[in-house]
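Notes follow the structure.
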Amino acid sequence: MPDLSLSDLNTGSLDVRDASLAHAIVDAVLTRWLTLDYIITGLSGKNLSEQEPRMQAVLLGGAAQLLLMDRVPPHAVIDESVEWAKTTIRPGAGGMVNAVLRKVSRTKGERTDSWNHHLDSIPLSDGTGLMLHGIELPANGRTRLVSACSLPTQLIRKWEKQFEDPTQQALHTLSKAPTIINVKHARNPDDISDLGVHESPNHKVYTGRRADLIDLLASRSDLWVQDSASSRVVDELKFENDPKIIIDFCAGQGTKTRQLRARFPDSELIATDVDEKRLAKLSDVFIDDEQVRILHVDQIMNRELGYADLVLADVPCSNTGVLARRREARYRPMRQQLARITPTQQEIAGNAYSLLKPGGRLVYSTCSLEAEENEVQAEWISSQLNMSQIDGHRATPQGLPGGEACHYTDGSFSASFVK
């Protein structure tokens with residue numbers, strides 16, 4: 001299983017066009033690492049994972065371009081890959097790269113209208129399938145999904161227990177996740193009439209350039225990027241009287257902080273996190289807002305407890321509901337991940353509980369599909385923290401590769417408790 005770094009891609013002195021191609025290659029490799037590994041290993045007769053890192057890199061990058069990207073001529077991909085291997089690995093490495101990538105190129109067949117567990121094709125992110133010549137996917141259905149959708153066996157096995165047939169969930173992770181904007185609190189809806197329609201009336205789909213999106217969001221504090229599955233957590237909160245003091249306990253990038261600020265404009269809002277860089281960014285976002293304070297978690301826990309009316313704990317999780325966006329997260333070993341993260345989630349829930357006054361509300365949420373992080377944790381909060389659960393909602397990801405952006409949603413879970 002690939003051990004992936006979260007560091008940004010360094011494109012050095014590449015011009016805009018070449019840098020864009022580099023990002024596209026890396027994105028394709030990240031998304032389809034296990035698919036490419038299966039094909040390269042099958043064609044070469046040598047396990048890709050046993051090759052030296054630079055050899056793995058050039059074979060994965062070359063195969064991704066040959067199979068998943070149509071705008072680069074195959075001969076150019078092979079020639080550039082061979083020359084890179086000669087100069088970066090060693091002179092003799094070019095021969096192996098040339099031989100393997102030529103086999104990969106000959107393997108690429110025609111497009112099909114769709115993919116439905118076919119042995120002789122792989123699913124693509126636009127909803128079509130790609131025929132393969134000279135190699136077939138595994139006959140076993142579970143192993144076939146692992147290779148076809150580039151997902152770990154542990155995850156597919158868990159999804160089999162939860163969904164019986166996990167094909168839809170697996171294919172969803174290959175979708176090109178659209179940019180969805182929360183427009184519920186837009187002050188002038190006419191100014192955003194050019195945005196695409198989403199099936200949620202509180203959201204729109206953005207399809208323009210990234211630079212224009214950045215400009216739009218910088219000029220409008222009443223708009224932010226947020227999927228409808230995420231926004232539901234705050235939108236569905238109901239109170240007889242709006243909470244006076246709200247704590248966004250795991251504020252992160254501040255998406256739900258913005259939403260809470262708009263949803264409860266008269267409330268005092270405290271946003272907190274453990275990461276200093278995220279806190280600095282949050283401080284910049286709310287620098288002129290007297291209703292919002294940005295504090296480190298230690299500052300929150302060291303002051304008087306039991307004063308908040310509402311604490312939102314959008315806890316760190318496995319991200320299995322947002323794998324179409326968090327592509328690198330798909331390769332995390334699930335058992336180890338859950339063993340590490342579920343105690344942290346419980347610790348956060350316990351700290352959030354201590355911040356609430358009697359009768360206060362705890363909202364626990366994740367972007368995970370795993371019961372261990374969702375329903376099991378909700379039961380733990382009810383029993384171990386002696387809180388009354390008043391609601392709970394699980395959103396299963398919607399939308400398949402090639403589907404209309406208006407129907408796309410991430411996966412999420414939320415539950416509310418009263419102290």
Side-chain angles (χ1 to χ4, degrees), residues 1-5 9-112 115 118-126 128-138 147-150 174 176 327-328 331 401:
M1 201 64 59
D3 183 13
L4 302 179
S5 169
L9 177 64
N10 180 8
T11 55
S13 59
L14 294 178
D15 61 30
V16 174
R17 183 177 179 180
D18 287 341
S20 178
L21 175 60
H23 278 280
I25 294 170
V26 170
D27 185 64
V29 171
L30 285 180
T31 307
R32 306 305 293 272
W33 190 298
L34 299 184
T35 306
L36 298 170
D37 186 328
Y38 178 83
I39 293 172
I40 294 168
T41 297
L43 293 175
S44 67
K46 298 180 180 179
N47 287 329
L48 179 68
S49 60
E50 295 177 0
Q51 303 298 318
E52 57 194 293
R54 289 177 184 269
M55 181 62 74
Q56 291 187 48
V58 69
L59 292 178
L60 286 166
Q65 293 175 80
L66 292 170
L67 295 175
L68 307 174
M69 302 168 67
D70 295 327
R71 296 186 179 182
V72 185
H75 67 84
V77 173
I78 296 172
D79 290 347
E80 289 292 329
S81 299
V82 169
E83 289 305 311
W84 187 90
K86 289 179 178 179
T87 58
T88 309
I89 303 177
R90 58 187 172 276
M96 178 178 175
V97 171
N98 180 66
V100 174
L101 292 186
R102 285 189 181 278
K103 288 182 180 181
V104 172
S105 182
R106 291 193 292 269
T107 298
K108 185 176 183 178
E110 62 275 13
R111 293 285 188 99
T112 60
W115 182 85
H118 300 115
L119 295 178
D120 58 354
S121 67
I122 57 173
L124 298 179
S125 60
D126 62 0
T128 64
L130 176 68
M131 295 291 295
L132 300 176
H133 300 308
I135 190 169
E136 288 188 344
L137 297 181
S147 300
C149 298
S150 193
L174 301 180
K176 293 181 178 178
R327 299 180 185 277
E328 79 288 343
Y331 303 116

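Because the structure is a prediction, the values reported are computed rather than measured. All residue numbers refer to positions in the sequence shown, counting from 1.
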May I have the step-by-step check of side-chain contact (heavy atoms from CB on, under 4.5 Å) for E80 and Q65, ending in yes or no? CA-CA 12 Å; E80 289 292 329; Q65 293 175 80; over 6 Å; no
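- Ion pairing of K108 with D70 is present here, as a side-chain N (NZ or NE/NH1/NH2) and a carboxylate O approach within less than 4.0 Å.
- A distance of 9.0 Å separates CG of L36 from CG of L48, quoted to the nearest 0.5 Å.
- When all heavy atoms of V58 and S81 are compared, the closest pair comes out as CG2-O, 3.6 Å.
- Rounded to the nearest 0.5 angstrom, L132 CG and E110 CD are separated by 10.0 Å.
- Scanning both residues, D37 and L60, for their nearest heavy atoms gives N-CD2, 4.3 Å.
- Residues S147 and L137 approach most closely at CB-CD2, 4.3 Å, considering heavy atoms.
- Of the inter-residue distances, the one linking Q51 atom CD with I89 atom CD1 reads 9.5 Å to the nearest 0.5 angstrom.
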Step by step, work out the side-chain contact (heavy atoms from CB on, under 4.5 Å) result for E83 and D79. CA-CA 6 Å; E83 289 305 311; D79 290 347; 5.6 Å; no
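- In this structure, the separation between CD1 on I39 and NZ on K103 is 14.0 Å, given to the nearest 0.5 Å.
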Could you please spell out the steps behind the side-chain contact (heavy atoms from CB on, under 4.5 Å) verdict for I122 and R32? CA-CA 10 Å; I122 57 173; R32 306 305 293 272; 4.1 Å; yes
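- The minimum heavy-atom distance linking W33 with Q56 is given by the pair CZ2-OE1, 4.3 Å.
- Within the 4.5 Å cutoff, the side chain of M69 has no heavy atoms near those of the V77 side chain.
- Shown are V97, V100, T88; of these, the side-chain contact (heavy atoms from CB on, under 4.5 Å) with M55 is made only by V97.
- Residue E52 holds its CD atom at 4.5 Å from CZ of R90, rounded to the nearest 0.5 Å.
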Full working for side chain to side chain donor-acceptor pair (under 3.5 Å) between S150 and Y38: CA-CA 9 Å; S150 193; Y38 178 83; over 6 Å; no
Between K86 and V82, does a side-chain contact (heavy atoms from CB on, under 4.5 Å) hold up when you go through it step by step? CA-CA 6 Å; K86 289 179 178 179; V82 169; 3.7 Å; yes
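- Closest non-hydrogen pair, A93 versus A85, comes out as CB-O, 3.9 Å.
- Residues T112 and T128 share a closest heavy-atom pair of O-CB, 3.1 Å.
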Begin with the C-alpha distance, continue with both residues' side-chain angles, and end with the deciding distance and a verdict on side chain to side chain donor-acceptor pair (under 3.5 Å) for T31 and R327. CA-CA 6 Å; T31 307; R327 299 180 185 277; 3.2 Å; yes
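- For the atom pair CE (M96) and CG (L59), the distance works out to 5.5 Å, reported to the nearest 0.5 Å.
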